[in-house]
There are 2 protein chains.
Amino acid sequence: MKKCMREGTADQRVAYYWGRVREQGQKKKDFDWPSTEVILNLAYTYDVLMLHWSKLLSRYRLSLSTMNILTILKYSQGEGHEQQELCQLLLVSRANITKLIDSLVKRGLVVRTASLLDRRVWIVKLTSAGDELFADFNPFLLKEAKRITSRLTGKEKKLLNGLFLKLRAGAAREGSLK
Amino acid sequence: MKKCMREGTADQRVAYYWGRVREQGQKKKDFDWPSTEVILNLAYTYDVLMLHWSKLLSRYRLSLSTMNILTILKYSQGEGHEQQELCQLLLVSRANITKLIDSLVKRGLVVRTASLLDRRVWIVKLTSAGDELFADFNPFLLKEAKRITSRLTGKEKKLLNGLFLKLRAGAAREGSLK
DNA sequence: TATTGTTATACTCTATAACTATA
DNA sequence: TATAGTTATAGAGTATAACAATA
């Protein structure tokens, strides 16, 4: 991976490619550069940040998904969550959440406990080992979040968060191509 | 997947969880909610948009990565690219770009041609079949980019693009945790 | 009948390291 | 020695459908 990235030049390279997209798009129907740029930027920024993030998490043998599960469970304050709720929060299918939870159970980080209200349901909870692991990685992530966003002012962060919301609203809107 | 998402409520659910993150984070050292929110928003917005995007691409039996490769090659206007350049543009390792290109070669969408300058190098180019497929999917993606960003004004799109750049600059900065 | 979760399967993507051949 | 690309391998993630138990 490292070998493929010459330090400090990735953004320039991408800019060069994007320039071509922009030029050659002009001729096309429905082309709107700022719109396209937003999508390219979202995907590329995600890749850059999450590549970095994944590397941090690999120290704890966690992926983004498993880290998210532990975090969600931690913030439930001992109540836990149904697997189905985790599906909704993580945008992961039922079949795949089963596998993710399986892997965490195997490592002793979470447990499945039966629901008293609905016998079809498992409530997933953090174990003390899971809690410890969370206490271990979470401070790093908070620090990193602060560092990564350090070039933005408070006002810009708020602005950015509002724009993200609008983007998602656009994606969810009716009339999408089926 | 669909079964796990009750229409129109995903954002509220996530907001509920984020509320807990925010509350319980307050006590912690290095916690800064707007910074954390930016990261959560980036990841979640990416997931929402790309889930949708992937569904569109699956009609063409393409993933985000393979779509990107075809697009990059298309915009090289017949010149093609070294695999190594694709690594840099896509943030994918050399080993893995080999596999991705293999799969496209197998489908007849791209070809590897020897470089005349360096005998270690393959130049990857779009075939006419690849070109046709691009002509097929690209208009949909342009339309979708426009639709997804339709809730943003032109000014907001520009703003957003600038903020993405700052985010990436922050991630790349020296002094990151090693 | 609908929902929660599991199982099975196949595919894609990623990470790592050892390897070949060129430069 | 360094670089471009390949091979091998193992693990993670995703998509789909069929299934059991329960509501």
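So you know, we letter chains A, B, ... as the sequences are listed, proteins then strands, and number each from 1.
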Gap between atoms CG and C1', on A/Asp102 and D/dG13 respectively (whole Å): 14 Å

Please state whether the phosphate of C/dA15, meaning OP1 or OP2, lies under 4.0 angstrom from any side-chain nitrogen or oxygen of B/Ser93. no

Any side-chain N or O of A/Ser63 below 4.0 angstrom from OP1/OP2 of D/dG13? yes

Just checking A/Ser58: base, sugar-phosphate only, or nothing, at a heavy-atom cut-off of under 4.0 Å? nothing

Classify A/Ile97 by what it touches in the nucleic acid, base, sugar-phosphate, or nothing, heavy-atom distance under 4.0 Å. nothing

Can you identify which nucleotide, out of C/dT22, C/dT14, D/dG5, has its nearest atom closest to the B/Asn96 side chain? C/dT14

Gap between atoms CD and P, on B/Gln88 and D/dT3 respectively (whole Å): 12 Å

Test your reading of the model: is there a side-chain donor-acceptor pair from A/Asn68 to the backbone of A/Leu64, 3.5 Å cut-off? yes

Out of D/dG5, D/dT7, C/dA23, minimum distance to the side chain of B/Trp122 belongs to D/dG5

When rounded to whole Å, the CZ to C1' distance for the pair A/Arg120 and D/dC19 reads 15 Å

A/Ala95 side chain, from C-beta outward: closest of C/dG5, C/dT7, D/dA23: C/dT7

Polar side-chain atom of A/Gln24 near backbone of B/Tyr75 as donor-acceptor pair, under 3.5 Å: yes

Sorted by position of nearest nucleotide on DNA chain D, 5' first, the leading residue of A/Leu100 and A/Leu117 is A/Leu100

Around B/Arg107, counting heavy atoms of other residues, nucleotides and ligands shown, do more than 12 lie under 6.0 Å from its CZ? yes

Heavy atoms only, 4.0 Å cut-off, all strands: where does A/Arg61 land among base, sugar-phosphate and nothing? nothing

Pairwise 5' ranking along DNA chain D for B/Glu82 and B/Ser54, keeping only the more 5' one: B/Glu82

What is the distance, to the nearest angstrom, from the CG atom on A/Leu90 to the P atom on D/dG13? 11 Å

Consider the side chain of A/Gln84, meaning its heavy atoms from C-beta on, and name the nucleotide among C/dT22, D/dT9, C/dT4 that approaches it most closely. C/dT4

May I ask you to evaluate whether A/Thr98 reaches the phosphate of C/dT6, defined as a side-chain N or O under 4.0 Å from OP1 or OP2? yes

On the side chain of B/Arg119, is there an atom forming a donor-acceptor pair with the base of C/dT22 - under 3.5 Å, no angle test? no

Before you tell me yes or no, could you show the steps for B/Glu156 and A/Leu163 under side-chain contact (heavy atoms from CB on, under 4.5 Å), namely the whole-Å CA-CA distance, both residues' side-chain angles and the distance that decides it to 0.1 Å? CA-CA 8 Å; B/Glu156 284 174 325; A/Leu163 294 173; 3.8 Å; yes

Whole angstroms only, please: what is the CG-P distance between B/Leu62 and D/dA15? 15 Å

Indicate, with a heavy-atom threshold strictly under 4.0 Å, whether B/Asp118 touches base, sugar-phosphate, or nothing. sugar-phosphate

Value in whole Å for how far the C1' atom of D/dA12 lies from NZ of A/Lys106: 12 Å

Does A/Arg94 place a side-chain N or O at less than 4.0 Å from the phosphate oxygens OP1/OP2 of C/dA2? no

Determine, stepwise, if the pair B/Ile123 / B/Arg112 fulfils side-chain contact (heavy atoms from CB on, under 4.5 Å). CA-CA 6 Å; B/Ile123 311 284; B/Arg112 287 187 172 97; over 6 Å; no

